[in-house]
Participant: 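After the structure tokens below, expect a handful of questions from me.
Atom set for the values below is all heavy atoms of this structure, side chains included, hydrogens, waters and symmetry mates excluded. The sequence lines fix the lettering, A, B, ..., with proteins before strands; numbering per chain opens at 1.
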There are 2 protein chains.
Amino acid sequence: MNSFTEENYLKAIYKLQEQSSEGVANSDLAKALGVQSASVTAMLKKMAQKKLINYEKSKGFRLTDKGKQIAVNIIRKHRLWEVFLVEKLGFGWDEVHEIAEQLEHIHSEALINRLDVYLGHPKADPHGDPIPNANGIFAKSKSILLSETEKGMQGKFVGVTDHSPSFLTYLDKVGLSLGDTISVKSIEDFDKTYTLQLKGKKEITVSNKVANSLLIAG
Amino acid sequence: MNSFTEENYLKAIYKLQEQSSEGVANSDLAKALGVQSASVTAMLKKMAQKKLINYEKSKGFRLTDKGKQIAVNIIRKHRLWEVFLVEKLGFGWDEVHEIAEQLEHIHSEALINRLDVYLGHPKADPHGDPIPNANGIFAKSKSILLSETEKGMQGKFVGVTDHSPSFLTYLDKVGLSLGDTISVKSIEDFDKTYTLQLKGKKEITVSNKVANSLLIAG
DNA sequence: ATCATAAATTAGATTAGTCTAATTTTTTAT
DNA sequence: ATAAAAAATTAGACTAATCTAATTTATGAT
Ligand SMILES: [Mn+2]
Ligand SMILES: [Mn+2]
Ligand SMILES: [Mn+2]
Ligand SMILES: [Mn+2]
């Protein structure tokens with residue numbers, strides 16, 4: 001079994017390596033985990049020994065299949081627990097990440113499989129992030145940033161790229177919820193501010209910074 | 001915050017000290033935790049420093065109010081999670097202890113309070129053990145061992161003192177479930193074997209060893 | 001190609017929690 | 001009261017995960 005620390009390294013490496021096909025840099029991982037570079041070096045040695053990562057000298061490192069499988073399972077657990085916390089316990093989407101950071105490390109295949117059934121095999125977590133199935137397969141979804149859409153575009157708000165509580169509570173405040181259908185009424189030339197029509201209801205205006213954190217699906 | 005290890009020490013000390021009004025012995029705690037006596041000595045020093053326990057030289061030790069409060073909260077979490085696992089996820093009562101041993105260490109007051117509400121403020125866990133409320137108060141219950149009852153006695157099966165999966169699955173097999181009303185048909189003189197009538201339904205015979213692990217309430 | 005900067009590794013310590021072996025203290029039995 | 005047995009503590013080591021400071025390696029810019 002892997003320690004919490006090791007699991008957190010695996011998850012962080014996974015997220016970094018998904019961002020490109022290159023190897024992950026020690027310094028990027030150190031920053032992601034909030035530890036010193038020397039600590040990363042020490043841990044990577046152990047993980048390489050356990051065949052969880054592959055080094056390519058001065059080209060960074062990547063997870064082995066074994067490492068990736070563990071990482072994806074932790075992400076599965078994290079997201080299923082987030083669904084549970086929001087759907088069953090009534091937490092807000094801005095409150096669940098920290099708790100899921102703990103719950104994701106509970107070791108029990110039976111538990112996570114029963115939880116998945118109990119929740120009805122959800123395909124996405126409360127932030128719109130896809131939940132891999134028990135085999136580690138993610139449902140492919142094709143969404144784009146609102147900031148990349150043009151005037152007149154109509155689509156569904158399906159996810160966020162900024163998961164900070166402050167951003168999420170801001171969305172609550174302006175009345176934007178996952179699943180809402182929105183259309184782009186206008187885009188301000190000067191600063192690319194977006195004015196949106198929310199499903200017949202109200203009209204709201206959001207900064208480009210916000211538009212750059214909202215995922216839209218056709 | 002306290003580490004998992006420290007929380008496990010607190011819980012184990014609590015359970016030992018409840019068994020008598022005396023101080024707890026280093027050796028008993030070592031046995032309960034499956035560690036060496038020397039490890040216990042080392043940990044007790046740290047816990048005394050943190051005002052979690054009181055030493056009374058060569059009279060053992062006991063939890064301070066602070067230590068007791070933390071211990072009871074962990075027990076509350078353990079038992080609430082067990083209820084969740086059985087009632088919501090459909091686990092058997094013989095399968096939940098190990099998972100709850102992990103879940104009891106999740107740190108979030110909001111989580112445990114919402115879980116309590118979600119479960120309908122249960123008063124007992126799947127094994128009949130009382131669940132303390134948010135203030136650490138246990139509902140007083142007066143039950144006795146089946147082995148201490150006499151022929152003709154009628155009562156309700158409300159708890160077990162043996163929590164081992166093998167005992168619990170044995171009870172499943174013979175059809176004894178928490179809440180069942182039972183009456184003592186006869187007690188074999190030779191070996192104190194109990195023959196029980198289950199709520200009009202079947203009649204079963206259990207050894208004295210079994211009768212000694214079943215809690216009955218008037 | 002050389003020098004400056006950035007990235008990575010090494011060396012040496014620290015803390016939590018554990019171990020074994022040795023020693024001391026306490027309890028129990030004669 | 002004394003010796004034997006049991007319980008507790010101390011001493012010294014180990015592992016996991018971290019740190020700082022020093023050193024080495026790699027990258028990049030002139
Ligand atoms: Mn999250
Ligand atoms: Mn999420
Ligand atoms: Mn239990
Ligand atoms: Mn229980």
Participant: Think A/K123 forms a cation-pi with A/F138, using NZ or CZ under 6.0 Å from the six-ring centre and within 45 degrees of its axis?
Facilitator: no
Participant: A/F4 and B/F4: aromatic ring centres closer than 6.0 Å?
Facilitator: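 Here the rings of B/F4 and A/F4 have centres that are less than 6.0 Å from each other.
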Participant: Starting from P on C/dA8, measure out to OH on A/Y55 and report it in whole angstrom.
Facilitator: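 Going from A/Y55 (OH) to C/dA8 (P), I get 10 Å.
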Participant: Return yes if a side-chain donor-acceptor contact under 3.5 Å exists between B/N212 and B/S147, otherwise no.
Facilitator: yes
Participant: Atom CE of A/M1 to atom P of D/dA16: distance rounded to whole Å?
Facilitator: 16 Å
Participant: Does D/dA6 have OP1 or OP2 sitting under 4.0 Å from an N or O in the side chain of B/S27?
Facilitator: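 Checking B/S27 against D/dA6: no side-chain N or O falls below 4.0 Å of OP1 or OP2.
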Participant: Minimum heavy-atom separation for A/R76 to A/I112, with atom names?
Facilitator: NH2-O, 4.4 Å
Participant: From CD of A/E7 over to P of D/dA16, roughly how many Å is that when rounded to an integer?
Facilitator: 16 Å
Participant: Expressed in angstrom and rounded to an integer, what is the separation of A/Q49 atom CD from D/dT15 atom P?
Facilitator: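 Distance check: A/Q49 CD to D/dT15 P gives 13 Å.
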Participant: Can you measure A/L44 atom CG to D/dA17 atom C1' for me and round it to whole angstrom units?
Facilitator: 13 Å
Participant: Evaluate the criterion salt bridge (charged side-chain N to carboxylate O under 4.0 Å, His left out) for residue pair B/K11 and B/E101; output intermediate values, then yes/no.
Facilitator: CA-CA 11 Å; B/K11 189 171 53 134; B/E101 285 289 308; 3.0 Å; yes
Participant: Mind checking the CD-CG spacing from A/E22 to A/L16? Nearest 0.5 Å is all I need.
Facilitator: 13.0 Å
Participant: Excluding sequence neighbours, so at least two apart, what forms side chain to side chain donor-acceptor pair (under 3.5 Å) with B/S20?
Facilitator: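 Counting only residues at least two positions away or on another chain, B/S20 forms no side chain to side chain donor-acceptor pair (under 3.5 Å).
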Participant: Protein-nucleotides 26-29 of chain C N/O pairs closer than 3.5 Å?
Facilitator:
none

Participant: In whole angstrom, give the distance that lies between atom CD of A/E22 and atom P of C/dA7.
Facilitator: 16 Å
Participant: Report the distance from atom CD1 of A/I53 to atom P of C/dA8, rounded to the nearest whole Å.
Facilitator: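 To the nearest whole Å, that distance equals 13 Å.
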Participant: Quiz question: by atom type and distance under 3.5 Å, do the side chains of A/H78 and A/D125 form a donor-acceptor pair?
Facilitator: no
Participant: When the distance from CG of A/N26 to P of D/dT24 is rounded to whole Å, what number comes out?
Facilitator: 18 Å
Participant: Identify the pairs formed between an N or O of the protein and an N or O of nucleotides 15-18 of chain C at a distance under 3.5 Å, and give each distance.
Facilitator:
unit_1 : atom_1 : unit_2 : atom_2 : d
C/dG17 : OP1    : B/S3   : OG     : 2.5
C/dT18 : OP2    : B/Y9   : OH     : 3.2

Participant: Do B/S37 and B/N26 pass the side-chain hydrogen bond (donor to acceptor under 3.5 Å, both in side chains) test, and can you show the C-alpha distance, the side-chain angles, and the key distance before you say yes or no?
Facilitator: CA-CA 6 Å; B/S37 211; B/N26 178 316; 2.7 Å; yes
